[in-house]
Amino acid sequence: MPGDSFRFRGGCDEPGASWEDYRRLYARGGEAFQEAGNFRADITAIRLDRVILFDRRLRGLRHERRPEHVVANGFDHFTLQLNLGGSAEVDCGDGFQALAEGEAVLLDTRLPMRLRLVDVHLLTASIARPLVMAAAADSAHGRFISPARTAVLRRRMAEWAEGDPIGLALEGPRLLLIMLDMLRSEGRRQAGADRLRRMMIRRAVIRDYVEANLTRRDLDPLEIAQACALSRATLYRLTEPDGGVVNFVRKVRLARLERLLADGGAEQLADFAERLGFADASHMSRQFRAVAGISPGRYRAASREDPAANAARQRWTAWMAEFR
């Protein structure tokens, strides 16, 4: 599978991860409960730039994100939940409402919510708040989007091979553009889509240059701007959601480190630090712990013990930390 992806499979009627594995996987965002005793989960996930896509087939579950979870994890993004088939319900504070087939709902992670997943195929997208706010005139928590507005997205998903993270990664940027277009009012669509495409292309160019030069500790904004044919002002504007150029580079380094650790190889941490441009192994460990909540050594050890379940949980934890 691609480095920035994972597959999680488990349930009562098939081999794979246990209920406890699933509960721990979801614990970063809230709490999961079994309903009717026939739990099943099959999840393919891929991280892209400022969005995480989850293709999820779930049964016999309820997810709750209560006020204490909102305060504890500090997430600050939106999720878009699209029902691709089956039965699901959502509660944004006024009781459970059916999420019909073909319908989507926009949820704000700064507010409580509940999902009842009876037996459903969901496309879930965790999207950075600035992208949603720029696209949507109405970004209200619990906003429902009709099947007519989601039709293009559902057609694109129907063409994607189930369980193929490489295909989902290739299709991901286009899916994101379609999702944001769904959220726009009619008058804002074309101009907003064009701006978003330019932004995504430019950020991809910046990321590619940084990825190609990770061994260098002396990467500076002026060099990156010149190499990417951007003004310094444009570079700073494009990386502002990440906290600036320095933080953008740091996130790229840490993402590469996370992939290397998840592979569970025997390379020394000091070698990782040198290869990825950290000052030293201690500096690298402090940076990684701040994002993942555990040391690089423990992260790699857990991946070796149970590659499938632990890799999924640790990868999701590291990804979601970027939305705080």
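Between Arg207 and Asp242, none of the side-chain N atoms (NZ, or NE/NH1/NH2) sits under 4.0 Å from a carboxylate O, so this pair counts as no salt bridge. Under the 4.0 Å criterion applied to side-chain N and carboxylate O atoms, Asp91 and Arg114 are assigned as salt-bridge partners. Ion pairing between Arg23 and Glu20 holds under the 4.0 Å rule for side-chain N and carboxylate O.
Val245 pairs with exactly one of Val210, Leu235, Leu222 by the side chain to side chain contact (heavy atoms under 4.5 Å, CB included) rule, that one being Leu235.
Phe272 is linked by a ring pair (Phe, Tyr, Trp, His ring centres under 6.0 Å) to nothing, counting only residues two or more places apart in sequence or in another chain. Among residues two or more places apart in sequence or in another chain, the ring pair (Phe, Tyr, Trp, His ring centres under 6.0 Å) test is passed with His63 by Tyr22, Tyr26.
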Contacts table for residues 284-292: side-chain donor-acceptor under 3.5 angstrom, sequence neighbours left out:
residue: Ser285; atom: OG; partner: Ala281; partner atom: O; Å: 3.0

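Heavy-atom neighbours of Asp94 CG from other residues, nucleotides or ligands within 6.0 Å: at or below the threshold of 12. Heavy atoms from other residues, nucleotides or ligands lying under 6.0 Å from CD of Glu274 number 12 at most. Within 6.0 Å of CD on Glu211 lie more than 12 heavy atoms contributed by other residues, nucleotides or ligands. Atom CZ of Arg298 is surrounded by 12 or fewer heavy atoms from other residues, nucleotides or ligands within 6.0 Å.
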Exercise. Before giving the answer on side-chain contact (heavy atoms from CB on, under 4.5 Å), spell out for Ile127 and His77 the whole-Å C-alpha distance, their side-chain angles and the decisive distance to 0.1 Å.
Key: CA-CA 6 Å; Ile127 309 173; His77 63 280; over 6 Å; no
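Of the possible polar contacts, one joining the Arg149 side chain to the Met182 backbone as a donor-acceptor pair under 3.5 Å is found.
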